[in-house]
Amino acid sequence: MAPTTTTSLGRAPPQLFGGWEGGLVAFLALLYLAGALVNPAFFGSAEALHALLRDTSRVGIIAVGMTFVIANRDLDLSVGSTYGLVAVAFARLFSPSFLDFDIATSVGLCLLLGAAIGLINGVLVTALKVPAFIATLTMLFIGRGFVLALTHGQAIYYSEKARAAPFFFQLGETNALGFNNQIAIFLVVAVVGAHVLAKTRWGYETLATGGNEQAAVYAGIPTRWVRIRAYLISSLCATLAALLSAAQDKGVTPLYGVSWELTVIASVVIGGASILGGRGRVIGSCFGAAVVVLIDKVLREGWPITRVIVIDGENIAVNAKFTLPAGAVLVFLGLVLVIAVLIEPHLIRRQFAARFWAWLRGRPPPPAYEMGGVALEGVQTKGAMATDMALSASGLGKFLARRDALAIILTVVLWLTGLALRPDYWWHLSNTFAILLNYTELALIAVGLTYVIAAGDIDLSVGAVLALAGSTAAYFLKVLGADPLTAVTMGLLAGMTAGLVNAVVTVGFKLPAFIATLGMFYIARGLAAWFVAGKQLTGWPEGYNLLGRKMNDVFLYFGLSLPSGIMRTVAEVVSVQTIWMFFVALMAGAVLAYTPFGMKVCATGGNIRAAAYAGIDTNRVRFIALMLAALCAAMAGIINVAYFRSFNPVAGQFRELDAIASVIIGGGSIFGGYGTMIGALAGAAVITLVRALMQLNVQGFTMPQHWINVFIGLILIVAVLIDIWVRQANIFGHLLARLARVRRGKEIAHG
C-alpha cells in the first residue's frame with residue numbers, strides 16, 4: 001500500500017497576539033526613541049510617557065469598538081462626532097448653567113444617547129440597507145451639527161460642581177499608584193474586548209460575518225444582529241471615552257472629537273485588521289492607537305531649535321521650538337490612513353514578512369491567507385426598473401416615472417414656498433440670482449460627482465479638493481504675486497493632482513473609493529490650511545475676481561457700457577460663474593446621456609462584472625470619473641475665491657454632504673448605474689433652496705446655521721432610503737400588487 005502523505009498548513013494564526021503586534025511594539029520603541037532624540041525636553045521625561053498612555057487610552061477604547069465593526073466588513077465614521085456629542089450632552093446635563101442634573105442622571109442619559117446612536121447606525125446599515133459609509137458619514141455631520149448648535153461655538157465648564165462628585169471625576173485623575181485611572185480603564189476594556197473577539201461566540205460570529213456573510217447566514221449565524229451589535233459596541237466605547245474626557249477636563253469645547261474617526265480607523269488598520277472584513281485583533285488595534293497617538297504627539301510637539309535675533313546691532317541666541325504649520329498634522333494622518341489600508345492587502349495578506357523570513361532560511365513559504373469574499377454574488381443592474389417604467393409610460397405618467405421627476409417637482413415647490421413666505425425678497429430678480437450664485441458652486445461639484453456615483457464609486461473629498469484648489473490659487477495670488485491665469489492654472493493643477501491620487505489609489509491599488517477619498521478628504525483639507533498658514537487671505541487683482549462677478553461688471557472692467565434695456569438688466573444679475581456652470585453641465589450632460597462613454601459609465605456602475613465581460617475598460621471609466629469630479633471641485637474652488645474675493649480655510653465645508661444629497665435626490669443611485677445631469681442640477685437646486693429657506697428671515701426668526709447642517713444630513717438619509725426602497729426595491733409597487741391580490745381574492749370569495 002502506498003504511503004499516505006499529509007500536507008501541513010502550519011500552525012493556526014494566533015488569536016490574541018502575533019508577530020504583527022510584536023512588530024508594532026518594536027516600532028513604538030523606535031518611534032519614541034526618535035522623539036526623545038529630537039525633543040528630549042518633552043519625550044525624555046516620565047511625564048511624557050504618562051501623557052502618551054493617558055491620551056492613547058481614549059483613542060484605544062474607541063479603537064476596541066471599531067475593531068468589531070471593521071472585522072464585520074463595515075465602517076463607523078461617526079465615532080468622532082459621537083465622542084464630541086456625548087461630551088457636550090454631559091456638559092449641558094451636568095453644568096449648573098444649563099440643566100444642572102446630578103451625576104448619575106447625566107451619565108445614565110449619556111449612555112442611552114450613545115446606545116441610541118449605535119442602534120440607529122446599525123438599523124440604517126442592516127435593516128434599511130444604507131451603505132455603511134453613507135449612514136455613518138451622515139451621522140458624523142449630524143452629530144457635528146448638534147455639537148456646534150448645543151455649544152453655540154463656546155466652551156462649557158463645570159469645575160466647581162465637579163467637586164461634589166469626586167468618585168466620577170477621579171476617573172480622569174492620577175491615582176495613588178501614580179498613573180491616570182483612564183489607563184487602567186483602557187487596559188480593562190482592551191483585555192475584555194480581546195477575549196470576546198478571540199475566544200467567545202460573539203467573536204466567532206463577528207469574524208465569520210466579516211469574512212463571508214453569505215456563508216455565515218448558511219451556518220445559522222444571525223448576521224444582521226451581529227452587525228448591529230458591533231455598532232452598539234463601537235458607539236458605547238466612544239461614549240465611555242467621552243465620559244472619561246469629561247471627567248478629566250471638567251468641561252468641553254466644540255472641537256471635541258474632530259477628525260477622531262480618522263485616527264481610530266487608522267489605528268485599527270495599522271493594528272492588522274482588514275478593511276475587507278474577517279480579520280482583526282483588539283490587541284493590535286490598541287498598539288495601532290499608540291502608534292498613531294505617538295506620531296501625532298511627535299509632530300505637534302515639534303523640536304527645539306535656536307534662533308538668532310538682532311537687538312541694538314547685537315546677535316542674541318534664543319531657545320525656540322519648531323512646529324509644523326497648521327494643517328500639516330492632518331495631512332500626515334490622512335497619509336497614515338491610506339498607507340495603513342494599502343499595507344493590509346499588499347503586505348499582511350501576502351505575508352510579505354513571513355515569506356521573506358522563509359526565503360532567508362531556505363524554507364517553503366507559508367500558505368496565503370483566505371481572501372474572503374461572497375460565496376454567491378447575484379448579478380443585478382441598478383436602475384433598470386425605473387428606466388423600464390419611464391419607457392412604458394406616456395404623457396404625465398412618463399414624466400412622473402422619471403427618477404429625476406421628484407427633484408424637479410421639489411424645486412418648483414420650494415421656490416413657490418419662498419415666494420409665499422417672503423414675496424418682497426423672493427420676487428426680485430437680483431435676489432433670485434443671488435440664490436443662484438450659491439447654487440453654482442454646489443451644482444458644479446454635483447456635475448462631477450454624478451459621473452462618480454453613476455460609475456458605482458463615491459468621492460468624499462470634493463469639498464476638501466475645492467478648498468485645496470482655492471487655497472492654491474489664493475497662495476499664488478497673494479504670496480507669490482502671480483497673475484490670474486497662473487493662479488487659475490495652479491489651482492486646477494492642485495485639484496487634479498488630488499483627483500489623480502484618488503483614482504490611482506482606488507483603481508490602481510483596488511482600495512474602496514470611500515476609504516481612498518476619505519484619506520484625501522483630510523489630506524486636501526490639511527494642505528489647504530497649510531498653504532495659507534490657517535489664515536484668511538484677501539486682496540488680489542480685480543482681473544481674477546471677474547470670475548465671480550456679474551456680466552455687467554465684466555463689461556465695465558473692459559470699458560464697455562451696455563445701453564439701458566433688457567440686455568443690461570440681465571447682465572446686471574447674471575454672473576460669469578453661472579454661465580460657466582451651465583456650460584460645463586451642458587457638456588457633461590450631453591456626454592453622459594448621448595455618447596458611448598456615458599453608456600459605459602452607467603454600465604460600469606450597474607454591473608461592473610457584466611460591463612467587463614462586454615469589453616468595457618471599467619478601470620478607465622472609473623479613473624476618468626474620479627478625475628472629472630476633482631476637476632469640477634477645483635473649478636468650484638477657483639470661483640469661490642473670486643466670488644468672495646478672499647479665501648477661508650473652511651471653504652467647501654459640508655459640500656461633500658450637499659453634493660451627494662444633490663445627486664441622490666436627483667435620481668442617481670447610491671449603488672451606481674444611473675444618473676442624469678438634469679436630475680443632479682435639480683437636486684442641487686433643492687439643497688440650495690432648502691438652505692435659503694431655512695436662512696430666510698420670517699417675522700424676525702432665522703434658523704441657526706448649525707441646525708441647517710443637521711437638517712441637510714437628514715435629507716440625505718431620506719434621499720438614500722427613497723433610492724433603496726422606492727426606486728430599487730419598488731416597495732410601493734409591491735404594496736399595490738399585494739392590495740390588488742387581496743382585492744381579487746375578496747371578489748372571488750364573494751363571486
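All residue numbers refer to positions in the sequence shown, counting from 1.
- F98 CZ: more than 12 foreign heavy atoms inside a 6.0 Å radius.
- With hydrogens and angles disregarded, a donor-acceptor distance shorter than 3.5 Å links the side chain of D102 to the backbone of A104.
- Looking at every heavy atom in both residues, T440 comes nearest to Q577 through CG2-O, 3.3 Å.
- A heavy-atom distance below 4.5 Å is found between the side chains of T472 and L468.
- The minimum heavy-atom distance between D76 and I265, with the atom names listed, is O-CD1, 4.5 Å.
- The minimum heavy-atom distance between W725 and A127, with the atom names listed, is CZ2-O, 3.4 Å.
- The distance between the ring centers of F169 and F94 falls below 6.0 angstrom.
- For residues 649-664, the side-chain hydrogen bond (donor to acceptor under 3.5 Å, both in side chains) pairs, not counting sequence neighbours, are E441-R655, R655-D658, D658-R691.
- Residue L52 holds its CG atom at 5.5 Å from CG of L294, rounded to the nearest 0.5 Å.
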Step by step, would you call F514 with I134 a side-chain contact (heavy atoms from CB on, under 4.5 Å)? CA-CA 9 Å; F514 68 87; I134 285 291; over 6 Å; no

Evaluate the side-chain hydrogen bond (donor to acceptor under 3.5 Å, both in side chains) criterion for residues N545 and Y643: first the C-alpha distance (whole Å), next the side-chain angles of each, then the deciding distance (0.1 Å), finally the verdict. CA-CA 6 Å; N545 295 332; Y643 174 61; over 6 Å; no

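- For the pair C286/V64, a side-chain contact is recorded, criterion being any heavy-atom separation below 4.5 Å from C-beta on.
- Heavy atoms only, all atoms of each residue included: A91 and V252 are closest at CB-CG1, 3.4 Å.
- Considering only heavy atoms from C-beta on, I712 stays 4.5 Å or farther from I142 through its side chain.
- The shortest non-hydrogen separation linking I670 to I664 is N-CD1, 3.7 Å.
- Rounding to the nearest 0.5 Å places OG of S259 at 10.0 Å from CZ of R525.
- Under a 3.5 Å cut-off, the side chain of S95 and the backbone N or O of R92 do not form any donor-acceptor pair.
- One distance of note links CG of L657 with CZ of R144; it measures 14.0 Å at 0.5 Å rounding.
- When atom types are taken as modelled, the side chain of T538 and the backbone of R645 share a donor-acceptor pair closer than 3.5 angstrom.
- Q182 CD to S245 OG: the interatomic distance, rounded to the nearest 0.5 Å, is 7.0 Å.
- The list of side-chain hydrogen bond (donor to acceptor under 3.5 Å, both in side chains) pairs with a residue in residues 119-131, not counting sequence neighbours, reads S78-N121.
- Residue-environment remark: CZ (F133) exceeds the threshold of 12 foreign heavy atoms within 6.0 Å.
- Judged by distance alone, the side chain of Y439 and the main-chain N or O of L681 form a donor-acceptor pair under 3.5 Å.
- Pairing each heavy atom of I117 with each of M139, the nearest pair is CG2-CE, 4.1 Å.
- Between the side chains of E173 and Q248, no donor-acceptor pair of N or O atoms lies under 3.5 Å.
- Checking side-chain atoms of S235 against main-chain N and O of A115 turns up no donor-acceptor pair under 3.5 Å.
- The backbone N or O of V293 sits nowhere less than 3.5 Å from a side-chain atom of D55 that would complete a donor-acceptor pair.
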L406 and I665: CA distance, side-chain angles, deciding distance, side-chain contact (heavy atoms from CB on, under 4.5 Å) verdict: CA-CA 7 Å; L406 175 62; I665 291 172; 5.6 Å; no

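- S234 contributes no side-chain N or O that, together with a main-chain N or O of A230, makes up a donor-acceptor pair within less than 3.5 Å.
- Taking the six-membered ring where tryptophan is involved, the planes of Y83 and W260 are essentially parallel, since the angle between them stays under 30° and well short of 60°.
- With no hydrogens or angles considered, a side-chain donor-acceptor pair links S285 and T67 at under 3.5 Å.
- Aromatic ring centres of F90 and F168 lie closer together than 6.0 Å.
- With values rounded to the nearest 0.5 angstrom, L85 atom CG is found 5.0 Å from L113 atom CG.
- S461 places no side-chain N or O within donor-acceptor distance of the main-chain N or O of A464, the cut-off being under 3.5 Å.
- A 4.5 Å side-chain heavy-atom check between I724 and L128 finds every atom pair outside the cut-off.
- The shortest distance between side-chain heavy atoms of R58 and L240 does not fall below 4.5 Å.
- Side-chain contact between V292 and V59 is absent, with no heavy atoms from C-beta onward closer than 4.5 Å.
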Between L137 and L716, does a side-chain contact (heavy atoms from CB on, under 4.5 Å) hold up when you go through it step by step? CA-CA 10 Å; L137 176 71; L716 175 57; 5.8 Å; no

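- Not one N or O on the side chain of T517 forms a donor-acceptor pair closer than 3.5 Å with the backbone of D459.
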Y256 vs V147, side-chain contact (heavy atoms from CB on, under 4.5 Å): CA-CA, chis, key distance, verdict: CA-CA 9 Å; Y256 263 40; V147 166; 6.0 Å; no

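- Ring geometry, W707 versus F146: the interplanar angle exceeds 60°, so the pair is classed perpendicular (tilted spans 30 to 60°).
- Looking at N72 and Y231, their side chains never bring a donor and an acceptor atom within 3.5 Å of each other.
- Contact of the V462 side chain with the I660 side chain is not registered, since no non-hydrogen atoms from C-beta on lie closer than 4.5 Å.
- Side-chain atoms of S646 and V641, non-hydrogen and from C-beta on, never get closer than 4.5 Å to each other.
- L53 CG to F186 CZ: the interatomic distance, rounded to the nearest 0.5 Å, is 9.0 Å.
- No side-chain donor-acceptor contact under 3.5 Å links S57 and N180.
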